[in-house]
Amino acid sequence: MEPNQEEQRVAANQEFIQSLNLLEDILQQNITPKEEVPLVESQPEEIAEVEPDDKIDLAAWEDAVADIERYLEGKTST
């Protein structure tokens, strides 16, 4: 792999990790102390469904999708 490609991969990886961290921060802000997310054990069918009255921050999701799209566009343009 050429040095320039390696640098681009490292930069893209860092940008992607930052986007994921930002998404995690946004999602953590939306969880109140009484709404702690249960850890999934060995039984996937026991996953609790999201209740309809839970509020989802659509703008945060749109930002996350835009970050992922920018990452993928940058990856394909190289």
Side-chain angles (χ1 to χ4, degrees):
M1 186 176 295
E2 294 185 27
N4 191 26
Q5 288 178 329
E6 182 66 26
E7 290 173 11
Q8 289 175 346
R9 289 178 63 117
V10 170
N13 184 43
Q14 289 174 342
E15 183 179 333
F16 184 68
I17 296 298
Q18 288 174 346
S19 296
L20 289 178
N21 289 335
L22 176 63
L23 177 60
E24 181 180 26
D25 291 343
I26 290 169
L27 292 175
Q28 289 298 323
Q29 289 173 0
N30 291 335
I31 296 176
T32 61
K34 66 178 182 178
E35 295 182 68
E36 291 182 15
V37 177
L39 294 176
V40 177
E41 304 247 338
S42 60
Q43 301 284 336
E45 62 273 1
E46 294 179 9
I47 297 174
E49 292 187 29
V50 176
E51 294 187 21
D53 62 334
D54 288 347
K55 295 184 180 181
I56 298 173
D57 186 357
L58 183 58
W61 280 102
E62 289 173 345
D63 290 344
V65 169
D67 288 343
I68 293 169
E69 287 175 345
R70 279 195 299 272
Y71 167 76
L72 292 175
E73 287 173 4
K75 187 176 181 181
T76 58
S77 67
T78 58

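By convention here, the first residue in the shown sequence is residue 1. Both backbone and side-chain heavy atoms feed into the values below; hydrogens, waters and symmetry mates do not.
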Open item on the list: So which atom in Asn13 and which in Tyr71 form the shortest heavy-atom distance, rounded to 0.1 Å?
Closed with: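 Answer, listing the atom of Asn13 first, then Tyr71: N-CE1, 4.4 Å.
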Open item on the list: Nearest 0.5 angstrom please: Lys75 NZ to Gln8 CD, how far?
Closed with: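 Rounded to the nearest 0.5 Å, the NZ-CD separation comes out at 12.5 Å.
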Task: Partner set under side chain to side chain contact (heavy atoms under 4.5 Å, CB included) for Ala11, not counting sequence neighbours - done: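 Testing Ala11 for side chain to side chain contact (heavy atoms under 4.5 Å, CB included), a comparison that skips the adjacent residues, returns none.
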I'd like a table of donor-acceptor pairs (distance under 3.5 Å, sequence neighbours excluded) in which one partner is a side-chain atom from residues 16-23, with atom names and distances.
{"from": "Ser19", "atom 1": "OG", "to": "Glu15", "atom 2": "O", "distance (Å)": "3.1"}
{"from": "Asn21", "atom 1": "ND2", "to": "Ile17", "atom 2": "O", "distance (Å)": "3.4"}

TODO: Could you name each residue pair satisfying salt bridge (charged side-chain N to carboxylate O under 4.0 Å, His left out) that touches residues 56-67, not counting sequence neighbours?
DONE: Asp67-Arg70
